[in-house]
Structures are given as C-alpha cells and as structure tokens.
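Following: one structure in structure tokens, then a few remarks.
Here is how names work: the chains are called A, B, and so on, in the same order as the sequence lines, proteins then strands, and each is numbered from 1. As a basis for the values below, the full set of heavy atoms in this structure was taken, side chains included, without hydrogen atoms, waters or symmetry mates. Note that the structure is predicted; figures quoted are calculated from it, not measured.
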Amino acid sequence: CASTVEELPILYKPEIRQGTLFDEADVDELRAGMTRRQVRFVLGPPTIDDPFTDDRWDYVYEVEPRSADVEAVSRRLTLTFDANGLATARGDFVDADHPLAGTAR
Amino acid sequence: CGGPSLIKAEDPPALETPPGEPAVTEHWSVSLGAATPPGYRLEPALMDERVFAAGADGTVAAYDAASGERRWRQDLDVAITGAVGVGETGVAVGTANAEVVLLDPDSGAVKWRQRVSSEVLAPPAVGQGSVVVRTGDGGVFALEADTGEQRWLYRSGVPALSLRGHGSPVLVNGGVVVGFDNGRLAALELGNGDVAWEASVAVPEGRSDLERMVDLDADPAVAGGDVFAGAYQGRVAGIALANGQIAWTREVSVLGGISVDDSNVYVTDERGRLWAFDRRNGASVWRLDALEGLSLTAPRRYRDGLIVAGSDGYLNWIGRRDGALEARYAFDNSRLSVAPRVDGERIVVLDRRGQLRSISVNQQ
Amino acid sequence: FTIEDIRIRGLDRIAEGTVLNYLPLEAGDELTPARTSDAVEALFDTGFFDDVSLLRDGDTLIVEVDERPAIARIEFIGNSQIDSERLREGLSGAGLGEGQSFDRPLLARIERELEQQYFALGYYDVDIESTVSPLPRNRVSLRVDVEEGEPASVQGIRFIGNRAFDVDRLRGVFEMGPKAWWAVLSQRDKYSRERLSGDLQRLRAFYRDRGYADFSIESTQVTISTDRERINITVNLDEGQQYTVGDIELAGDLIYPRETLRDLIAIDSGAIYNQRNITRSVEAIQEKLGERGYAFARVNPVPELREADRVVDLTLFVDPAERVYVRRIRISGNESTRDDVIRGELTQYEGTWLSTRDLRNSESRLGRLGFFSDVSISTPRVPGTTDQVDVEVDATERLSGSLRAGVGFGSDQGLLLNLGVQQDNLFGTGDRVEFVANSDDADTVYRLSYLERNHTMSGIDRRYALSFRDRDADEADLADYGVKTTRASYGYRIPVSGSDRLGADVTFEDVALEFSDPTEFQKDFQARNGKSNRAILTDLSWTRDTRNTAIFPSSGARQRLGLAVALPQVSDIEYYRFSYEQSRYLALNEQFTLVLDGTLSYGNAYGEGERLPFYENFFAGGIRTVRGYEANSLGPRDENNDPTGGNLRALGRAEIRFPLAQDEDGNNLRFATFIDAGQVWDRERDNLRDKSDISFSGLRYSAGLGLVYYSPIGPFTVSIAEPINDKGNDDTQRFQFTIGASF
Amino acid sequence: CAGNTQTSNRLDNTEAAALYEAASEAAGRNDWQTAISELESLQAQYPFGLYATQAQLDIIHAYYQAGEVASTVAAAERFRRINPRHRAVPYSWYMQGLALEEKNRGPVKDWVGINDVLRDPVPRRQAFAAYTTLVEDYPDSEYTDMARGRLDVLYAEGAEFQLSVARFYADRDAWVAAARRAITVIEAFEGTAAVKPATDLLGTAYQRLGLDALADGVRTAQRETDRDAGDRIPDTPTLYEEETMEVPPAPTSDGPSGGSGGMGGPMGGGL
C-alpha cells in the first residue's frame with residue numbers, strides 16, 4: 001500500500017531543479033555569428049550536447065516546486081551553429097522578430 | 001655602569017686555595033624596605049656625599065654616604081625596573097609601565113613623569129641638561145632635564161629574540177653612546193639625536209634565533225678617546241670615540257660588564273670568567289677562571305684591585321696585575337643581586353632583600 | 001672508442017647487476033666525453049658511492065667506484081620529548097636510514113634538522129652530538145646523543161599602552177602565558193613564534209570586535225634569560241579610538257532584492273564597530289548568493305574611518321562572479337555502501353547550478369545516516385572552464401554494523417546473555433537488519449527487525465519487527481507477576497520535509513499474564529480482564545531531526561511525538577500511550593557539547609472506566625532514564641513495597657560532553673558530566689499508599705560523570721551518579737553500566 | 001655463485017640465501033605473513049646484491065596474496081624505483097593493477113554476490129592506469145595481453161557504473177541528469193555492453209524533456225547500429241561475469257639481460 005501513501009500531498013519530495021537557468025535578457029543578447037565561447041558566457045554551459053547531432057546546443061531549465069512560493073518553470077532553447085558561428089535559435093523567449101528566429105522547427 | 005643583574009644564586013664554586021676573609025668594617029647598614037628581585041637593574045648611585053637607591057615596589061630613598069642616615073624617601077607606587085640615574089638636575093628612575101620619573105635630589109619630590117614607548121629596564125643617564133633613556137623596544141629617548149619633554153627619539157631594530165634586559169646609555173661630552181640588542185653600538189648627538197657614527201661590535205650568525213643573539217647588554221666603558229663595548233655571544237671591541245673606528249676585537253661572550261683603567265680593559269663573560277685585555281691592542285693580559293659557573297656583575301675598580309659580585313652572593317677582590325683572587329667576603333645570609341658601587345675607600349652594596357650597606361676594607 | 005666489455009672494480013656489498021642497471025652505457029656503445037660525464041653523474045645520483053671514475057684498458061671500460069659504507073644501526077640516546085621512531089623517520093626521510101649509504105655532510109645537516117625540531121617545541125637549550133663508529137663489511141653504526149635541557153617557559157607578558165582594558169583581561173586573550181601552579185599538564189607556557197603570532201592575531205581581533213577599528217600593535221619584544229629557561233614578552237600597542245558604525249551601503253550586483261541582503265547584515269549603524277559581526281554578515285551574504293548558484297561570489301567590506309567623529313562608514317561590495325553549474329557528482333571512499341544510497345541523500349543534482357545550501361544539508365543528511373565517520377564535500381573547478389565544477393563527495397565509512405554476543409553484566413539487568421546482530425548498512429543497501437536475543441534474570445527478549453530504506457523512490461522507508469518478550473517482573477524488582485508479550489508490527493516512515501518524518505505502524509500485541517502472588521490491584525485487574533489480552537495498536541509518530549551527525553552530534557535537535565492507540569473493538573483493553581521526546585545539542589566550543597534531553601509520557605484508557613494496563617506503565621530510574629537510581633525504582637509502590645510505575649512520566653537530562661583523547665579513536669568516545677531528573681506518577685490508582693501529587697518536588701535529581709564509547713562491538717556506557725534528593729524508600733545505585741546494549 | 005669478485009660478498013650470500021630459502025619455503029605453504037617478514041629482514045640486512053632484488057620482487061607477490069593492497073602497491077613502486085630497467089618491471093605493474101582491483105572485492109562480498117561495480121570507483125581507476133602503463137610501455141611483455149584482458153573488464157565495469165548512475169537519475173525523473181550521464185556512456189565507453197541501454201535511456205530522456213527532434217535522432221542512430229551489427233551478433237557478455245584471475249608466478253630475476261651472468265639457476269622455483 002506504499003504506492004497509495006506515495007500520492008499523499010504531504011509526502012515530501014525535494015524541489016527538483018534541472019538544467020541551465022537562462023532568462024529573456026540572456027536570449028535577447030544572442031546574435032548571429034557568435035562563437036560557442038561567447039554563447040557560453042551569456043547563457044552558461046549547454047545542458048545537452050547531443051552526441052548524435054552536431055552543431056546543436058540545447059538549453060533546458062525545469063523547476064518542480066515543492067513549496068508554495070516557488071512556481072513550476074519549464075524553458076527550452078535550441079541553438080544551431082554553422083561555419084561562421086551561431087546560426088539559429090528556437091524556443092522560449094525567441095519571438096518572431098528575434099534576429100536568430102530560425103526557420104526549421 | 002652595571003651589567004644585567006644576577007639571576008639565580010648558585011652555591012659557591014669549590015676553590016682549591018680558598019683566599020682569606022679580608023678585614024672588613026661595616027660603616028652602616030640600613031634597610032630600604034623594598035626588595036630588589038632578580039631580573040631588574042636597581043643599582044644604587046652616588047652623588048655629592050649621598051647614596052640613592054630604589055626598590056622594585058616603587059620606593060626611592062637617599063642616604064648620607066658617611067653616616068647612612070636617611071635624607072628622604074619617596075613612594076612612586078609603580079614597579080621600578082631601571083634605576084638609579086643621578087645627575088646635577090635630579091635622580092631618574094624608569095618604570096615597568098614605560099614611564100621615566102625625575103626626582104629632586106635634595107627633597108625627593110617628583111619633578112616630572114614622562115611616558116616613553118616601552119618598559120625601561122636599565123638606569124637612565126642624567127647629565128648635560130638631559131635625561132637619556134633606553135627602552136625595551138630598541139628606542140633611545142632624550143628628555144629635557146627640567147621639563148621631561150621629549151627632545152628626540154632614536155629607534156634601532158630589535159631582533160626576533162633578544163636577551164632579557166638592555167644596557168644603559170653612557171653620556172659623553174655632547175653625545176651619548178648606546179649599545180643595542182642587534183650587536184651595534186651607536187654614538188648620537190645629544191642636541192638633535194643625529195647619528196655621529198655606528199659600529200657593529202658583533203654580527204648575528206647561526207641558524208636559530210638563539211644562536212643569532214648578540215645583545216650589547218653590558219654598558220659600554222668610555223675612557224679617554226676610547227669606547228670599549230662587548231656583545232653577548234660575540235666579541236669585545238676597542239673603538240675610537242671620535243669616529244667609531246674599531247681598533248681591535250677579541251672573541252668573548254660578554255655578559256656581566258666592562259670596566260677600564262689606564263692600561264687594561266676588564267670584562268666578565270657569560271661563563272663567569274674575568275678577562276683582562278691590553279686596552280691599546282686587545283692582547284690578553286690574564287684570565288680568572290676560579291669563579292667559572294657563576295654569573296658575575298660588572299667589575300669595579302677598588303683601590304689598586306678590582307671587586308666583582310658573584311651570583312653566589314660573595315664579594316670578590318681580584319688583583320689588577322695578575323688576576324689573582326685575593327679575598328672573598330659574604331654578608332650574613334643575604335645575596336647580592338646588583339653590582340656594588342665604589343665610593344672612594346668605601347663600597348656601597350644593595351642586597352636582594354633591600355639591605356643597603358656601606359663597607360670598607362681595612363688597610364693591611 | 002667503442003666499448004667491448006665493462007668491468008667494475010671496488011664493489012664491496014653492492015651487486016654488479018645493480019651498478020650496471022644504473023649505468024647508461026652498454027657493451028657496444030660509442031664512448032664520448034658527454035656520455036662519460038652522464039655515466040659518472042648517474043652513478044653519483046644513486047648515493048651509493050663517494051667517488052666514481054672511468055678508466056680505459058684497451059677496449060674495456062673499467063668503472064672504478066669507492067663505495068660509501070651502509071648504515072647498519074642508528075641509536076638515539078637521551079631523547080624523551082621526541083620518540084626515537086619519529087627521529088628515525090626524520091633521518092630516513094632525509095636519506096639517512098638503516099640500510100642506506102652514509103654521507104657525512106648530510107649528517108651535519110640532519111643534526112641541524114633535529115635541533116630545529118626541538119626549538120619548535122621550545123627546547124632552546126638542546127645540544128645534539130652524533131658519533132659514527134665503523135663496523136666490519138664497510139658498514140657503520142650511528143649514535144645520536146641528545147641532551148634536551150629544560151624547555152624555555154614564558155614567565156611574563158607585559159602590555160604597554162593599554163588604557164581601555166586591564167592587563168589581566170588582555171592576558172586572558174592570549175593562549176600562551178605563564179602557567180598557573182596547578183596546571184601541571186598544560187602547555188600554556190611553551191613559547192613558539194607561531195603561537196605568538198596566533199596570539200597577536202587574537203589580540204587584534206579582540207580589539208577590532210570592540211570598536212577599535214584602527215588598533216595596531218607597534219612592536220613586540222621577546223627576551224630570554226641568560227640560562228635560556230625564562231622568556232618574557234612585551235607588547236607595545238596603540239589602541240586608537242573606539243568607533244561606532246556609520247551608514248552601511250551595499251554595492252555591486254546584488255542578484256537578490258536589496259532588502260533580502262540588507263537584513264542579513266548582522267550589524268546596524270550606530271552600534272559599536274565589531275569586526276566579527278561584519279565577517280558574519282559577509283559570510284551570510286555569500287551563503288545566500290551560493291544558494292542561487294553563485295558559489296564563487298565574493299563580498300568585501302570597505303570601511304572608511306571618519307576620525308573626527310569616530311565613525312566608520314561601511315560599504316559592502318558584492319561581486320557574484322559567474323553562476324556555476326555542476327558537471328558531475330563523484331562519490332568515493334564508499335567501500336561497501338552503494339553509490340545510489342549516498343546519491344539519494346544529496347539534494348544537489350547534476351547538470352544544474354550549484355547550491356551551497358543543498359551541499360550543506362546534503363552533508364548533514366549523510367551524517368545523520370550514521371554509516372560514515374566523516375563526510376567531506378568539495379567542489380573543484382572543471383579544468384578549462386570558469387562556469388563548471390564537479391562535486392566530489394568523499395565518505396569514510398564507519399563500522400556501522402555490530403555483532404554483539406556473549407555475556408554482559410548490566411547493573412540494572414544483572415547477568416546479561418545476549419546475541420545481537422545489527423547491520424546498519426546491510427550489504428551497502430542502507431537497509432538495517434537487527435536480530436537480538438537477550439536474556440537476563442528479568443527478561444528474555446527475542447527481536448527481529450528490518451528497516452528497508454528508500455522502499456519507494458520518493459524516500460519512504462518500510463519497516464517490520466517481530467518480538468517476543470518474557471518478563472519476570474519480580475526479578476526486575478517490580479511487583480511479582482510474569483508477562484509474556486508477543487508483538488508484530490509493520491509500518492512506514494514518510495519524509496514530509498527535509499528533516500521531518502511521519503511514522504505510521506500497525507502493531508499486533510498479545511499479552512499473557514501469570515500471577516504468583518498478586519496484589520489486591522492485580523487480583524481485581526485479573527478479575528476484570530482475564531489473563532491474556534490482545535490489542536491492535538496504531539502508532540503514529542512525527543520526528544524532526546536536524547542533528548548534524550548521528551554519532552555525538554554537536555548541533556541541531558531531534559524531537560519525536562508519538563501516539564499509540566489500541567483500536568476499539570479489536571483490543572481487549574482500549575488504551576493509548578502518548579510520548580514526546582526532545583534532545584537538543586549545542587556546541588559550546590570545538591570540544592564541549594551541551595546536550596539537553598526532555599521526555600514526557602502519558603497513558604490512559606479511553607474505554608469504559610478502564611485504566612492503562614499496569615504492564616504498560618512507564619518507569620523511571622536506571623541508566624537510560626535517571627542515573628543514580630535503581631532500575632524502574634522511582635514512583636509509587638504497592639503494598640509489598642514494589643514499584644508499580646505509573647501512567648505519567650517526566651524525565652529531563654542536561655549533559656556536557658567532551659572527548660578526552662584526541663587520537664583517531666577520539667571521535668567515538670566521550671566523557672560527560674550530567675544532571676538527571678525524573679519521576680513517575682500514577683493519577684488513577686486510588687489504593688496506593690502515597691498518593692503522589694504532580695509537583696516539581698516530586699522529581700528526583702542526580703548528578704554525576706558518564707562515559708559513552710562506540711567500540712567496534714557496539715556501544716558501551718558507564719555512569720557514576722550521586723542522587724541529590726533521594727527520599728527514604730528510593731533505592732539508589734551509584735555505579736551503573738551496560739555493555740553492548742543497543743540504545 | 002658466479003663471477004663475483006670480492007670474497008666477503010660470498011660470505012653475504014650464504015646468509016642471504018638462508019633467509020631467502022626460509023621465505024620461499026614459507027610462501028610455498030602459503031604462510032604469507034612469515035614470508036613477508038623474512039623478505040623484509042632480508043632487504044634490511046643485505047640491502048644490495050641479487051638476493052635483495054629478488055626479495056623486493058617476491059615481496060610484491062607475498063603482500064598481494066596476504067591481501068595487503070597498499071603494501072603491494074608500495075612494494076611494486078619501490079621495486080621500480082630501485083631497479084628502473086629490470087626485466088620484471090612489467091610484472092610489478094601487473095601485480096599493482098591486480099591488487100588495486102582487489103581493493104573493493106573480498107571473500108564475503110563475492111560469496112554474497114555484491115555487485116562491486118556500484119562501489120568506490122577510485123581504486124578501479126588506479127588499476128586501469130596501472131594496466132595502461134604496462135600495455136603502453138611494455139607492449140611485448142608476457143603480462144601485456146593479460147593486462148589488456150583486465151582493461152576490457154574494467155572498461156566495461158566503468159561503463160556499467162555510469163549507466164547505473166544514469167538509471168538512478170531517471171528513476172527520480174531527473175531527466176537532464178539522466179541524459180547527460182547516458183551521453184557520457186555513449187561518448188566515453190563505445191564498444192561496451194552498456195552503450196545500447198544507455199542509448200535507449202537517452203531516447204526516453206529526450207522524450208520526457210520534450211526534445212522530440214533529438215529523440216528521433218537517437219532512434220535513427222540506433223537503427224543504423226542495429227542494422228550493420230545484424231550480421232555479427234556479438235555474444236552479449238553478461239555484464240559482470242565471474243573472472244578467475246590467474247596469478248602468474250613471480251619471474252626469477254637473473255639481472256638485466258646484458259649483465260655479466262647473474263645468480264645462475266632460479267631460486268627454488270617461483271613463490
């Protein structure tokens with residue numbers, strides 16, 4: 001009957017924070033042609049550097065809150081690079097008119 | 001002059017041929033009422049027929065040199081650690097909480113008290129309108145004799161570890177000669193404290209702080225145009241007073257004190273031996289080893305010989321020509337802790353329990 | 001010329017093979033001047049030879065060596081302060097050990113080295129001479145004579161220029177100083193330069209914490225007496241003025257809103273300038289920044305002295321540096337504990353920013369597991385990056401299991417035969433299994449319990465326990481009746497916060513009584529309830545544990561609130577037992593820890609007119625509750641003067657614990673001075689002789705000395721206690737101890 | 001004894017030989033403690049000469065059999081320091097690796113079948129480094145292929161350890177951490193048995209994180225590896241099969257090859 005107990009709201013699950021925290025200000029600073037080092041200085045280290053796809057960095061930021069005063073957060077940002085540096089950006093805080101708003105989903 | 005006081009009383013060394021007791025008459029003996037514990041230089045001083053003495057608890061008193069009758073007594077209720085400096089303007093003592101006090105020689109009234117930078121562990125030098133004081137932190141203060149105001153301050157470096165206590169400055173005409181803990185001797189202008197010359201009597205060497213100690217704790221002896229100074233674990237040196245040139249040096253670890261007469265320089269060393277050197281070229285004349293093992297005070301000239309007090313509490317008479325131990329004399333059961341003072345035919349002695357005596361040796 | 005063959009001359013003990021091994025030349029090589037010098041140098045480096053020369057005989061290279069004698073024996077005479085073993089290590093460390101080749105200049109250097117070791121201990125009067133005597137077969141024996149002399153001791157410390165504080169107060173700040181006559185063992189009077197600079201540092205802090213912002217030490221003189229035994233220290237200081245704090249500014253990139261950081265500042269303007277509070281505020285702000293990933297944040301306080309009105313304005317410059325992310329968490333040192341058991345306790349995850357708060361409470365959670373004697377977490381930077389670190393968790397495991405078997409003697413229980421297997425960290429899974437078979441004159445207990453940790457991912461633990469207990473009360477100096485209790489319980493421990501846990505267990509209990517010479521009360525009880533009683537109890541408990549470690553904690557507290565209720569209908573007697581326990585730990589300084597325990601237990605029946613079954617009564621007295629009194633002897637007594645226990649119990653204990661030995665065993669042994677208090681009351685019984693009213697005067701007190709030692713075979717406790725206000729009929733027992741009993 | 005010039009040297013050898021005999025005999029009956037103390041006293045009294053070198057070598061083996069890991073490593077290092085170019089140096093590296101691997105294992109654990117991989121990885125990394133030095137510096141010594149075998153096992157164990165940590169984070173829905181650890185397995189441990197499950201885990205993690213493009217990428221990559229791996233299905237080695245570690249006899253040290261003839265025949269066989 002442990003599983004039933006597990007659903008009890010009172011059960012304490014430590015707040016889980018994952019990935020690299022980036023916010024709108026950081027994304028606005030991104031410009032085409034930036035080197036990987038510059039991108040890293042602005043956003044922090046890439047959360048996922050997929051072994052099977054090259055020239056692509058994925059930033060993920062997730063917060064599963066435990067206490068009331070923290071709200072859930074889930075952000076995604078995908079950057080692709082080409083020969084001369086940063087090419088496209090897709091995900092949160094990248095609205096249509098962002099210089100890097102790439103085409104391919 | 002004087003050397004560091006005698007620390008512990010050892011039993012007297014076994015002498016092969018114990019010399020006879022001299023016929024001594026005690027002119028007067030009076031209690032200062034204040035002990036003089038080891039570790040402090042509280043030497044009695046003489047000035048125009050009066051004996052001035054100070055005790056560790058702050059007592060200062062003056063007695064008539066002939067009768068021993070007390071002229072005045074003053075209680076400064078502060079620990080006195082360096083006394084007694086006498087001069088025409090007053091009687092000066094140094095205290096443990098870094099103060100110099102000048103008293104009126106006639107009434108004992110306090111003329112002024114002046115703060116200095118650290119504790120004063122040796123008698124101040126009084127004369128030529130000034131009071132010159134050496135302090136534990138390597139400082140030399142010249143104070144105006146009448147007001148006590150600081151005229152100038154000279155600072156020397158202090159090694160990491162130095163011997164307990166320090167020497168007294170010696171006044172010469174227009175200047176003062178001071179030995180420091182770093183093995184250097186300096187002559188300073190009395191007027192403005194400029195350095196006339198500096199001589200390095202001994203150079204610290206060795207690996208540990210202990211081996212590198214070269215304190216000039218024995219007061220330098222000035223006679224004629226020469227200054228004789230000696231360093232602990234170092235050398236004794238004959239130096240020209242005019243320009244600080246070192247005439248000669250001899251390897252001796254000087255501790256007790258230095259005294260000089262027209263032909264020789266007499267030095268007591270760390271191991272309790274008394275050396276005599278020719279004052280012109282430092283050639284050794286004789287050496288008395290009989291008192292080895294004791295710690296000896298500075299030698300004093302008395303009649304045509306020398307007297308020295310040892311940490312066994314005996315007063316020793318020594319021949320100047322041959323360094324022979326001629327006679328020894330012990331007071332009832334009290335120990336000497338400070339160098340005796342010679343007043344013509346008489347010897348003034350202050351023992352550890354504060355008993356002041358004036359004695360003299362009957363002519364054979 | 002090309003070398004046809006190599007011959008070696010002058011070898012005494014060293015084998016040719018070894019020499020050839022080092023010689024960078026072989027038959028057939030071309031011999032050039034450069035190579036000869038290399039060869040000679042190579043042979044010299046071995047340290048075996050005093051002299052090496054190469055000769056030519058036709059095409060054969062002749063290596064002429066003059067072998068250094070080997071050291072056969074090294075003796076130390078006269079050394080008591082430093083034992084020969086350490087001296088020998090010092091020598092062989094520097095290349096002069098037994099079996100190594102002897103080298104005279106090295107010996108002189110070694111003598112200096114040994115002298116330095118003695119100077120460091122304050123033995124300035126030491127004198128070391130070594131004599132070398134030859135032995136057959138080109139070997140030598142080395143004799144080192146050490147004359148230690150007396151250690152220099154500090155006779156007096158004098159302060160010049162202290163107006164605000166008197167000399168004794170300042171001497172108190174110093175650790176070094178003249179030794180009081182009674183402090184025979186103390187090292188207080190040992191002089192060393194490091195201790196002096198440490199003391200001067202303490203003096204600066206002492207003044208800076210009391211407002212003397214520009215306090216300075218002008219000079220210090222250390223003087224030694226001619227016989228090198230007495231040292232005097234004179235400190236010339238300039239106190240300066242006492243300052244108050246002006247306005248306090250926060251500058252730089254604050255990350256948090258200004259107010260959150262401002263109320264972390266432990267010093268407010270107008271107060272006396274206090275360096276320690278400023279440092280505390282700086283650390284608090286750096287901590288706060290650390291919680292948001294700025295692990296390398298720096299806050300530097302810049303004071304400006306306004307001398308005229310003696311005020312210091314303070315600006316705290318906050319520089320968060322970069323937010324730092326965790327690349328990987330590496331756990332090491334866990335020889336038997338599984339990696340996930342440790343990783344499960346860490347609230348810091350990989351791939352997210354580093355939070356110093358998470359690291360701190362991960363460290364204390366690991367400490368509370370009780371499996372480790374030491375846990376250290378470090379965050380080295382990932383090479384080549386400025387924004388990534390690895391978290392290294394190095395745990396040193398403790399013998400967390402204990403096999404207790406054999407005969408013991410408990411002052412409370414008499415002869416104790418027990419076999420107990422308890423493994424806290426079963427096969428490294430973190431689960432705890434315990435099998436105990438105890439028998440002494442009063443009790444025979446068999447207990448099997450299993451705690452499965454992290455039964456579910458979310459950290460719920462499951463536990464079951466089965467126990468059978470046959471208690472002959474008479475032997476335990478209680479009323480003479482026998483109780484056979486069997487219990488089986490099953491339940492969970494549910495974490496509800498970082499340090500709070502809820503416990504929910506269901507226990508089936510079967511109690512069989514037999515009376516040999518029942519008292520009135522027992523006859524009446526048996527009439528009403530018969531000899532055997534069954535009950536099903538639910539046991540709810542709430543525990544909050546903020547201790548920093550399980551073994552001898554020095555901070556935090558552990559509280560437990562428990563309520564066990566015998567469920568109606570299914571239990572013969574409907575009763576409940578409530579208990580609240582709390583132990584609080586405060587570290588007075590690195591050695592001394594103050595422990596405050598308190599327990600309150602109350603039980604009663606809620607059924608019609610019943611009372612708490614007498615065999616469920618609470619007892620007090622004995623080594624676990626109130627030391628100095630016989631086991632279970634406190635509280636009301638029945639007609640033949642046997643203690644009956646009661647349904648209300650109050651216990652209190654104040655203890656100061658300190659380790660005695662500093663060696664590696666030091667951290668599982670503690671001495672303690674304590675004061676115990678406790679009493680048991682029975683509100684319900686009417687026919688008791690002395691109707692006990694609940695009052696503080698009823699409490700019994702005792703004070704004494706105790707020792708707790710976690711030996712490899714289990715905990716071992718001894719206590720000597722003096723009852724303070726024992727009344728006539730209390731049975732006191734000054735000396736009590738237990739071996740291998742589990743807590 | 002052959003060829004030594006000084007007579008006193010000959011006197012040494014008989015006493016040293018006696019000590020050495022005692023040590024070999026004790027080792028013969030697996031009484032390692034006595035063997036160790038004999039060898040230690042042999043080295044102390046006759047620090048030079050061929051017996052000393054042989055003793056330094058045999059003591060490595062004795063410490064290993066006695067289960068004293070730290071002493072084995074120290075003895076191996078000391079042997080290499082004193083005899084830098086000795087024929088038995090590869091042997092000392094191999095024994096050092098074996099001892100370090102033993103650090104976490106033990107009879108009780110084997111009996112109970114504790115999967116030792118989940119324990120302290122540090123000794124295993126040190127063992128890996130020892131074997132690597134052996135394989136790289138002494139490519140043709142007779143211990144090299146044995147060391148290569150150990151390297152593969154350690155490599156597989158290392159991969160499995162990373163995989164277990166990835167699974168740990170997956171169980172707790174910490175998908176970012178799980179994905180990163182899975183990537184470590186894929187990139188740093190290719191060719192090990194753990195790569196396949198790690199790739200599956202990575203795919204699941206991407207899905208749970210909503211990175212569908214990456215999830216598809218993983219699936220396509222997997223199909224390719226399955227296709228060309230189709231023909232030679234490797235017999236999937238069980239993740240951790242009980243390996244019987246053969247312990248090679250200590251080689252007799254007859255001095256460096258070019259020497260002027262060492263002690264002659266081997267000392268009563270290896271230990």
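- Around CD of C:Q241, the count of heavy atoms belonging to other residues, nucleotides or ligands within 6.0 Å exceeds 12.
- The salt bridge (Lys or Arg N to Asp or Glu O under 4.0 Å) test applied to C:E148 returns no partner, not counting sequence neighbours.
- Only the side chain of B:Q233 comes within contact range of chain C, with heavy atoms under 4.5 Å apart.
- Judged as a salt bridge (Lys or Arg N to Asp or Glu O under 4.0 Å), and not counting sequence neighbours, the contacts of C:R171 are C:D168.
- With rounding to the nearest 0.5 Å, the separation of OG1 in C:T223 from CG in B:L121 is 7.5 Å.
- Of the residues considered (C:I231, C:T234, C:I224, C:N236), C:I224 shows the highest number of contacts with chain B, using heavy-atom pairs under 4.5 Å.
- Residues satisfying the salt bridge (Lys or Arg N to Asp or Glu O under 4.0 Å) criterion with C:R158, sequence neighbours excluded, are B:E119.
- Heavy atoms of other residues, nucleotides or ligands lying less than 6.0 angstrom from CD of B:E205 number 12 at most.
- Using a 4.5 Å cut-off on side-chain heavy atoms (C-beta onward), B:D181 and C:Q221 make no contact.
- Annotation: residues 204-220 of chain C contacts chain B through C:S219 [non-hydrogen atoms, separation under 4.5 Å].
- Contact of the C:I160 side chain with the B:R115 side chain is registered, since non-hydrogen atoms from C-beta on lie closer than 4.5 Å.
- Proximity to chain C involves both the backbone and the side chain of B:S162, based on heavy atoms less than 4.5 angstrom apart.
- In C:R306, the CZ atom is crowded: over 12 heavy atoms of neighbouring residues, nucleotides or ligands sit closer than 6.0 Å.
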